There are 2 protein chains.
Amino acid sequence: MRPREFNHDDVLRIAFDQFWRKGVRGTSLSDIARDAGVQRGSLYNAFGSKEALFLLAYERYAGDYLIALQKALGTGSLRKRLTAFFDSTITNFRSGSPPRGCPTTRGLMELGAAEGEGLDEDARQAFANLISRITALVQDALSAGAKRGEFSGNPAAAALHIITVTRGLAVIERAFDDEPQLRKIAAHTIDLVLDKMGR
Amino acid sequence: MRPREFNHDDVLRIAFDQFWRKGVRGTSLSDIARDAGVQRGSLYNAFGSKEALFLLAYERYAGDYLIALQKALGTGSLRKRLTAFFDSTITNFRSGSPPRGCPTTRGLMELGAAEGEGLDEDARQAFANLISRITALVQDALSAGAKRGEFSGNPAAAALHIITVTRGLAVIERAFDDEPQLRKIAAHTIDLVLDKMGR
DNA sequence: GCATGTTTTTGACACCGTGTCAAATATACC
DNA sequence: GGTATATTTGACACGGTGTCAAAAACATGC
């Protein structure tokens, strides 16, 4: 057995950085190979395809991101938690220079581009999965808030609404490059959700 | 002068149909040329580049779409108008089979994929412009509603919130392919906006 | 220590995409 | 009818994905 000359995880990290900055379609395996100091053929040998490589790299990101959101949603009043949640979300979109946007949203929009081409069903599953898990986190926070009398609406519906807004923010971010606006929308959403019922 | 052998507008229509179904990156000029019965080189001669062709085709779409939304927002109570607005939006996302999603959102997410590559600044402007104009339409409807006592909040902030939700719906649509869910979120948003203040 | 087997690496290839260019072509106008 | 001008056409350069066989590097057994 000839030993592998590169570190699996290093390559995933380097690859996701490029995918995030330039999109999946906009990143070539040559780019990644150059950055990682690996031959392009070695990547095919190790991962099979660009999409498979992306999926592995994305799972890595998704795990880290979920943990960060969990932390943000963990302490304080419901209002504080939601504020921290939106804050983490926007900070994530706006990281890098120029800002890299939301990998999940950008990935989702590349789906089914050409007939069999582009990211396929596995990728859609991965994106949908992260969104579902984030929704569950928010719903839990709202349910906990409801128990403490900080909120009296339907946690499921409110969580879905909040998640939809975060997805919308990811789009608005690409359109206008106006971070204060994003934060204003987030604040307004929190007001809307918390002021409607209970509080 | 040798006369052009194809109809400009026909090609734009055919091209946008493909862009919408398969995304800008996922559509090749060969595809469009085949569909339109035109030589690929002729398209380069007539439009300059894929991006320029897309921009023309998109402007066509944007104009038609704005008119449709204007009509939806034109009559009835504020609640009825907003309902019709979300309805038009979702119907647009869900048109075609499989559903084609939102061209603006999908286009926005392809921006800045590779360094100088991908859709460039002109496209971003076009996307942002349509979003801005739609926002203005919604804001006008809210302002009118405010005058008639159907709404007592801040029209600008509420319009921005509603637009953000529609962008979020475009993302959720790609993730879950669940139209009833989209309509539920839309209804919930209307409730949230109209129940908060006034009404 | 050396031969063997297995995996990784490497480079060549086929194919498809964009965009450019010069040559051929078809018309309008004089 | 000849000429100018714009369009069409086909060849080309370049870069992307993915495949494949040959070369290379190590682990193992003798």
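Below, chains carry the letters A, B, ... as their sequence lines are ordered, and counting in each starts from 1. Remember, predicted model here, so these are calculated numbers, not experimental data. Hydrogens, waters and symmetry mates are skipped; everything else that's a heavy atom, side chains included, is used.
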Q) Side chain of A:Ser30: nearest nucleotide among D:dT9, C:dA12, D:dG16? A) D:dG16

Q: In whole angstrom, give the distance that lies between atom CD of B:Glu110 and atom P of C:dT18.
A: 13 Å

Q) Between B:Arg34 (CZ) and C:dT18 (P), how many Å, whole number? A) 11 Å

Q | Whole angstrom value for the distance that separates C1' of D:dT9 from CZ of B:Arg4 | A | 16 Å

Q: Select one nucleotide: of D:dT8, D:dC12, D:dG18, the one nearest the side-chain heavy atoms of B:Arg40.
A: D:dC12

Q. Below 4.0 angstrom, N of the basic side chain to O of the carboxylate: do B:Asp31 and B:Lys22 qualify?
A. yes

Q) Should the ring pair A:Phe6 and A:Phe47 be called parallel, tilted or perpendicular, given that the plane angle runs from 0 to 90° and is split at 30 and 60? A) tilted

Q. When the distance from CZ of B:Arg25 to P of D:dG16 is rounded to whole Å, what number comes out?
A. 12 Å

**Q.** Geometric class of the A:Tyr58/A:Phe16 ring pair [parallel <30°, tilted 30-60°, perpendicular >60°]
**A.** tilted

Q. Taking 4.0 angstrom as the limit, do A:Glu173 and A:Arg94 come out as a salt bridge?
A. yes

Q: For each nucleotide in nucleotides 22-30 of chain C, reading 5' to 3', give B when a protein heavy atom comes within less than 4.0 Å of its base, S when such contact involves only the sugar-phosphate, and - otherwise.
A: ---BBB---

Q. Between A:Glu51 (CD) and D:dT17 (C1'), how many Å, whole number?
A. 13 Å

Q) How many Å lie between CD1 on B:Ile32 and C1' on C:dT18, as a whole number? A) 12 Å

Q: To the nearest Å, give me how far apart CG (B:Leu43) and P (D:dT9) are.
A: 11 Å

Q. With sugar-phosphate meaning primed atoms plus P, OP1 and OP2, does B:Ser42 contact a base, only sugar-phosphate, or nothing at under 4.0 Å between heavy atoms?
A. base

Q: Using whole Å, report how far CZ of B:Phe6 lies from P of D:dT7.
A: 8 Å

